[in-house]
Protein chains: 2
Amino acid sequence: MAASTSTMRAVVNAYCEVFSRGDRAGYVGLYAPDAWIEDPVGSPLHHGSEAIGMFFDQSSSMADSIELRLTGPVRVAGGEAAFPMQARPTMGGVTFVVDIIDVMTFNDAGLITTMRAYWDAAEMRPADDE
Amino acid sequence: MAASTSTMRAVVNAYCEVFSRGDRAGYVGLYAPDAWIEDPVGSPLHHGSEAIGMFFDQSSSMADSIELRLTGPVRVAGGEAAFPMQARPTMGGVTFVVDIIDVMTFNDAGLITTMRAYWDAAEMRPADDE
């Protein structure tokens with residue numbers, strides 16, 4: 001049976017939460033073993049648990065901390081989910097922000113099978129809302 | 001040459017504008033002749049200009065008018081665009097709202113080649129913000 005809407009929403013919330021707190025095992029555990037990530041869209045895929053763990057390390061190492069913050073409702077359709085969010089990296093006490101839309105597919109067990117992230121590094125800016 | 005970021009942003013704005021004012025020819029003209037629409041994600045494709053025109057007629061006939069309103073920045077990556085918006089149909093003087101994320105690809109001429117819309121009819125609700 002396909003993942004339910006409530007499962008997909010819960011996974012999206014967990015995804016933002018585990019990434020924000022730097023929980024590598026929690027992050028990798030949300031993905032199916034043969035899942036892939038395309039982040040940003042147009043860049044080479046990170047395919048499988050090992051590559052996804054390395055992608056997590058690589059992303060996390062780019063700042064002292066990075067918050068993923070949902071900025072609107074999760075849209076669910078046809079067993080897929082899309083949601084608007086911000087990545088908010090903090091470096092040397094300064095927080096930056098970039099707007100992202102993630103699109104995810106899921107397997108029957110509710111694990112993420114593909115994740116594509118729409119964002120442009122050129123849009124990164126200092127956060128002026130906190 | 002691939003469509004530029006500014007072209008894709010302009011097309012997204014035009015897309016919301018022409019749909020909202022019921023401009024069928026304007027809407028169909030934003031798509032490449034062999035483009036397809038999957039709206040919502042998981043439903044059968046509308047493939048080619050004629051089918052896209054019929055999709056427009058079908059969508060438009062569901063309400064007295066339908067506004068498409070952007071609710072956040074357009075995210076551009078790898079020649080694709082994703083953006084959060086609301087469809088706001090008005091029926092018998094009452095405006096409803098449903099949250100959508102559209103994902104689009106483009107050809108070199110800046111015409112839309114594919115459009116996938118993430119939304120769930122079950123999330124439709126009366127608009128309480130106007």
Side-chain angles (χ1 to χ4, degrees), chain A residues 1-9 11-12 36-46 68-88 96-106 113-125 127-129, chain B residues 1-9 11-12 36-46 68-88 96-106 113-125 127-129:
Chain A
M1 219 178 68
S4 69
T5 295
S6 58
T7 296
M8 288 186 274
R9 288 183 194 282
V11 171
V12 168
W36 56 259
I37 290 175
E38 184 184 354
D39 185 349
V41 165
S43 64
L45 303 188
H46 306 272
L68 298 186
R69 184 186 292 184
L70 281 175
T71 56
V74 180
R75 281 74 154 176
V76 164
E80 304 189 20
F83 53 97
M85 63 158 178
Q86 293 179 335
R88 304 174 65 94
F96 293 80
V97 58
V98 65
D99 295 294
I100 306 179
I101 284 178
D102 272 9
V103 175
M104 293 177 173
T105 58
F106 300 83
T113 47
T114 70
M115 188 278 269
R116 306 184 76 220
Y118 291 81
W119 64 285
D120 181 351
E123 301 291 330
M124 183 82 72
R125 61 197 184 272
D128 57 6
D129 55 355
Chain B
M1 220 178 67
S4 69
T5 294
S6 59
T7 296
M8 288 186 273
R9 289 183 193 282
V11 171
V12 168
W36 56 259
I37 290 174
E38 184 184 356
D39 186 349
V41 166
S43 64
L45 303 188
H46 306 272
L68 298 187
R69 184 186 293 185
L70 281 176
T71 56
V74 180
R75 280 76 154 176
V76 164
E80 304 189 21
F83 53 97
M85 63 158 180
Q86 293 179 335
R88 305 175 65 95
F96 294 80
V97 59
V98 65
D99 295 293
I100 305 179
I101 283 178
D102 272 8
V103 175
M104 292 177 173
T105 58
F106 300 83
T113 47
T114 69
M115 188 278 271
R116 306 184 76 220
Y118 291 83
W119 64 285
D120 180 352
E123 300 292 329
M124 184 82 74
R125 61 196 184 274
D128 56 7
D129 54 355

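These numbers come from a predicted model, not from an experiment.
Contacts between A/Glu123 and chain B at a heavy-atom distance below 4.5 Å involve the side chain alone, from C-beta outward. For chain B, no part of A/Ser43 is nearby; none of its heavy atoms comes within less than 4.5 Å.
Put simply, of A/Ala117, A/Pro40, A/Gly79, A/Pro84, the one with the most heavy-atom pairs under 4.5 Å next to chain B is A/Pro84. Interface summary for chain A: among B/Gly42, B/Gly78, B/Ala77, the most heavy-atom pairs under 4.5 angstrom belong to B/Ala77. Note on A/Asp120, A/Thr5, A/Val74, A/Asp99: by heavy-atom pairs under 4.5 Å with chain B, the leading option is A/Asp99.
Of all heavy-atom pairs between B/Arg75 and A/Thr71, the closest is NH2-OG1, 4.0 Å.
Each of B/Ile101, B/Val76, B/Val103 was checked for a side chain to side chain contact (heavy atoms under 4.5 Å, CB included) with A/Tyr118, and the lone residue meeting it is B/Val103.
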